[in-house]
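Chain naming here is simple, since letters A, B, ... match the order of the sequence lines and numbering starts at 1 in each.
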Amino acid sequence: MSYELIALLMFSSMMLMLLTGQRVFGAIGFVAVVAALCLWGDKGGFDLGYGALMKLMKWYPMLTLPMFVFMGYVLSESKIADDLYRMFHVWMGGIRGGLAIGTIGLMVLVSAMNGLSVAGMAIGSTIALPELLKRGYDKKMVTGVIQAGSSLGILVPPSVVLVLYAMIARQPVGQLWLAGIGPGFLMAGMFILYIVIRCALNPSLGPALSAEERDIPRREKMRLLWAGTLPLGIFMVMMVPFVMGYTSLVEASAIGALAAFVAALLKGRMSWRVFETATRQTLAISCMFMWIILAALAFGAVFDGLGAVKAIESLFTEQLGLSPWVILILMQLSFLIMGSFLDDTAMLVIVAPLYVPLVGALGFDLVWYGVLYTITCQIAYMTPPFGYNLFLMRAMAPPEITLRDIYGSIFPFVAVMILALIVVMVFPGIATWLPNMVYAN
Amino acid sequence: APGILRAQEAIKWRFQTYAGSALGQEVTKPAIDAINAAAQGELEIELYYADQIVPTGELFQALQRGTLDGVHSDDDSMASPTPVRNFGGYFPLATKHSLDVPVLFNQYGLAEIWEEEYAKVGVKWLSAAGQDPCNFNTVKPITSLADMDGLKLYTFPTAGRFLSQFGVVPVNIPYEDAQVAVQTGELDGMAWSGITEDYTVGWADVTNYFLTNNISGAWIGSFFVNQQRWADLPEHLKVIVSSAIEASHTYRNQWYWGGEARLRAQGDKLELTSIPQDEWKTVEDAAVKFWDEMAEEGETAAKIVKIFRDYNDVVSKAGPPYTF
Amino acid sequence: MRLMRGYIRFVDLFNYGLGRVMMFALFGLMGILLWSTVSKVFYSPAMWTLETAQFVMVAYYILGGPYSIQLGSNVRMDLFYAELSDHRKACLDALTVFCLIFYLGVLIWGGLASLAYSLGNFMGSPFSFFARLIGAFVTGGPDAASEVLGYIEVSSSSWRPIMWPIKLITCIGLFLMLLQVLSEFFKDILRIRGEAV
Ligand code: NA
Ligand code: NA
C-alpha cells in the first residue's frame, strides 16, 4: 500500500472514530497507535504514543496553557468583570443596540486577560446575556454577539492558539501576539458595525435604554470608567516586561495569572468557592487540551514518518501547478471545512505541521499566516457540527435559548469573520505593522 | 520461471539527524543522498530532521529499539547511555581544528573505544568526524568573562556543566526552538556552534554578537545504526554506506572551514568581540581541572582523557598550525 | 454487579482524591515560574526551573487526567452522539471505549519500556526486566535490586536530573487513567442494564 493511501486511510478512520462520539483524544490516539503498530510493529511502533508524551514535555511554551486558563476563570468566577459590564452598560446604553455594542467591548477587554474563549463565553452568557434578554434584545442576535465576541479571546493576546501555532511554525510568540491586536480590533469593529446597521434597519432588535434608566450621577459614571483600567492594568503588567525582554513567555504567563488573582483578592471577590472553581476548571480544561495534543502529536508523528509533508507539497506545487495565492486560498478553505468537523486543537497539531512549511516555502510571512490561521480557528470554534463555542453556549445559555437559536445565531457573524479574514489577507499590514514597529531594531 | 532473478525488495531505513532541516541540508543530507543514489534502489534511506519522529532526548532509545534505523548526532546532546557521552559534542578545550577529530579516532584509539562501548548497548557506531568550533553568539556583547555571568545559553550538557562555573545558565530545549527562544526571552544566546551554523539556521538574525574565543575547536559527532539492521545489511551495501559517510565528512569540513572564515570576515549580521588571551587563560586552566574531574568518572573516561592529554602534548610541542 | 459497583466506587474515590490534590499543583507550577522571574532579577537565574516546571506540568495533566474524565471535560464530537438516548449513548460508549482502552494500553506499554530504559535496561523485554527487578528486590532487598539496574538515564541537560521518577509518575498516571476508563465502561454496562449509576 502506498504511503499516500495509508495517510488517507488514517485521516478517514480518524473522522469515523470521531463521529462515534468517543472522547476526542481517545479517537485520535487510537488511530495513531494502531497505524504505528501496523507500520512498525514491535520495532518501535508501540512507543510512538509515549514518545509524544516526552515530546510534549519539552514544548515549554505549553506551560502557559494552565496559567492563561486560570486567569480567565479567576476573571469570570470572581465577577470582577461585573463592573466592566456596568461601565459599558452605563456609557453605551443610550444608543440603539448599545448594550450589544458594549458587550463586544467587554469581550475585547476580557480577551486581553485570558488565552482562550472560555472565559469570554462564561462572562458573556452569565452576566451579559440575561441583561440583554431582559432589555428586549433579539435573542438570536445577542447569542451570536457573545459567541463571536468571545472568540476574540484567541486572537487578542494572550492567546493559547497563537502559542501553539508559534511552536509548530517556530515563530516568535511576541510578534504573533502583537500581530493579533490589529485584526482583533478590526474584527471587533466589524461586529459593531454589523450591530449598528442591523439595529438601524430594525430598532426592535436592540432597543435603547429609557431616559430614567440612564439617569446616573456623573461621579458614578466616572467611577465605572475607572473599572476599565483593571484589565488594561493586568494586560500591561504581563505584556510590557515580556515585550521589553525582561521576562520570558512562560514567566509572563505566571505573572499574568498572579496579577488576576491579586486583582480579585484586592476587590474582595476571591472567596473559597471562586478559588476552588477556578482551580478545578483549570485542571479540567488543561487536561482536555493536553490529552488531545498528546494524541494528535502521536498521529502527527506517524504522518511525518509517512512523508505526508512532502506528499502535500508535491500535490499542491508540482502536480496541480497552482500559484501561491491559489494554494493559500485552497488551504484556508480546506481548513475551514475540516475545522467545522474536527477538533480544532487536533487540527492545529496534525494539519498545521503539514501546511505551515508549504506556506513558508511559498514565500509568505509566517507571522501574518498565524493570524489568518487563528481567524480560521475562530470560525471553526463556532461552526457546527463541531465547535467549542457551540458546546459552551449550549452548556451555559439560559433555557429560553434553544439549540436552533444557537445554530441560527452564528451565520451572520461567521460571514463577518470570513470578510475580516479576506481583509487581512488583502491588507497584511493590519497584522504585521505593529510587530514590525515594536521589534524594528 | 526458475532462473529469472526476482526483483529484490528494497531495504528501507528511517534515519534521523540532530540537525533541523536548514542545517541538515549540509551536514546529513549529502551522505544520505549519496547512499540512496549508489545503492540503486536496494537500500532506500528516508531522512528526518530534529525531533521529527522522536525528540532528541529519545534518539538513542529509538535507535536501539528500531523505531529509527540510523542516527546522526553527538553523544552528549542525545544523552548517550555510555561512558563516552561526555566526550562527544564539545569536550571543553580538547580540540583546536576539525582534523584533530579523525586523528584522535583513527590514530589515537578513540574509534575502538567508541565501537566497543556502543556494541555493549546494542548500537553499531560507524564513524565520527569533526565539524565547527564552539563559539558564542549572544544578544549582548561578551568582552570579558564577567559578561558571561547570568547568561542563559543554549548549549551542550557537558559544555554547560563546564560553563556554569563562569555563571552561565545552560538551558536545554529542542534544537529547532532555540531561535524563537531568544525572541521570547528564554535564552540570551547560544554556545552551540561556529558562525556558519549561526547564519545557516537563522540564529544570526536574532543575536547580535559573536565571541571569537571558542571552548572547543571541533564538534565530535557520529553516525550510528541499529545493530541488527547493520548485521542484516549485505556486504556491498555496508561499503556504500560507510564510503558515503566518509565522503560527507570531507564535504562538511570544507563547508564549515570556508564558512567560518568568510562569515567572520564578511558577514554583516554578527559583530565580532573577543576576550583577551590572558583573561581567557582562566578558562583554559579551568578546563584542565574539568578534565581531571571527568577522568574520575570511570575507567573508560580515564582512558579517553589520557588520549586527549597525549594528543594535546604532541600538538603543543609541534607548535603552529596545530596550536592555531 | 456488586463487584462492579465496588470497583467503580473504589477507583472513582481514589482518582477523585488524587485529582483534587493534583489540581493544586497549578500553584506549584506558578511558584516555580515566579521564582524563575525573581531569581533572574535578584540573583543569578536558576538552572533547574524550566525543567522542573515541565515535570510538574506533566504530572499535573497525567495524574489529573482520571479526575478530568470524572468531570466530563473531555470533549466529544457530538454530531450524532448528542441526538442519541442515554441508553444508546451507553451502548455506543461501551463499544468504542475499547479503542480508548487500547490507546492507553499502548501508551503504558511504551511508558514501561521507556521506564525500563531509564533504569538501564537497553535490550530485551521491559517486562522481563521488571520481573527480574522485582524478583531481586523480594529475595535480596534493595541491594540485590540495584544489581539489576544498569545505566541510570539522566536528562540531556546540564542540570542532568534523573529521568525515571517522572517516567514512573507518568506510568502510574496512565495506569490510573486506564482504571478510570474501565470504571466508565462498567458504568455504561450498568446503564445498559437499566440500573441507576
Ligand atoms: Na486573549
Ligand atoms: Na467547527
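- With a threshold of 4.5 angstrom between heavy atoms, C/Gln70 does not approach chain A through any atom at all.
- Counting heavy-atom pairs under 4.5 Å between each of A/Val250, A/Val31, A/Leu283 and chain C puts A/Leu283 at the top.
- For chain A, the nearby part of C/Ala113 is the side chain; its heavy atoms alone come within less than 4.5 Å.
- Residues A/Met270 and A/Phe261 form a side-chain contact, since some pair of their non-hydrogen atoms from C-beta on lies under 4.5 Å apart.
- Both the backbone and the side chain of C/Leu26 come within less than 4.5 Å of a heavy atom of chain A.
- Both the backbone and the side chain of C/Lys167 come within less than 4.5 Å of a heavy atom in chain A.
- The aromatic ring centres of C/Phe98 and C/Phe185 sit less than 6.0 Å apart.
- With a 4.5 angstrom heavy-atom cutoff, A/Ala27 does not touch chain C via any of its atoms.
- When heavy atoms are compared at a cutoff of 4.5 Å, C/Ser155 approaches chain A solely by way of its side chain, counted from C-beta outward.
- Contact annotation for A/Leu294: both backbone and side-chain heavy atoms come within less than 4.5 Å of a heavy atom of chain C.
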List the atom pairs, donor and acceptor, that lie under 3.5 Å between side-chain atoms in residues 100-110 of chain C and the rest of the protein, sequence neighbours left out.
none

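- The closest side-chain donor-acceptor pair between A/Tyr50 and C/Thr170 falls under 3.5 angstrom.
- Both the backbone and the side chain of A/Glu276 come within less than 4.5 Å of a heavy atom of chain C.
- Using a 4.5 Å heavy-atom threshold, the side chains of A/Met393 and A/Met382 count as separate.
- Most heavy-atom pairs under 4.5 Å with chain C: of the set A/Ser286, A/Ala298, A/Gly49, A/Ala254, this distinction falls to A/Ala254.
- Using a 4.5 Å cut-off between non-hydrogen atoms, no part of residues 125-138 of chain C approaches chain A.
- Side chain of C/Ser114 to backbone of C/Gly111: no donor-acceptor contact under 3.5 angstrom is found.
- No part of C/Ile32 comes within reach of chain A, as not one of its non-hydrogen atoms sits under 4.5 angstrom from that chain.
- Remark: C/Trp164 CH2 is loosely packed, at most 12 non-hydrogen atoms of other residues, nucleotides or ligands lying under 6.0 Å away.
- For the options C/Phe27, C/Phe55, C/Trp35, heavy-atom pairs under 4.5 Å to chain A are most numerous at C/Phe27.
- Of the atoms belonging to C/Leu95, not a single heavy atom falls under 4.5 Å from chain A.
- Residues C/Asp93 and C/Tyr81 have side chains that bring a donor and an acceptor to within less than 3.5 angstrom of each other.
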Requested in this report: Let me see the working for C/Lys187 and C/Asp12 under side chain to side chain contact (heavy atoms under 4.5 Å, CB included), right down to the final yes or no.
Outcome: CA-CA 11 Å; C/Lys187 283 176 209 164; C/Asp12 280 21; 2.7 Å; yes
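- C/Val97 touches chain A through backbone and side chain together, each having a heavy atom under 4.5 Å away.
- Ranking A/Gln22, A/Gln281, A/Met54 against chain C, the residue ahead of the rest is A/Gln22, based on heavy-atom pairs under 4.5 Å.
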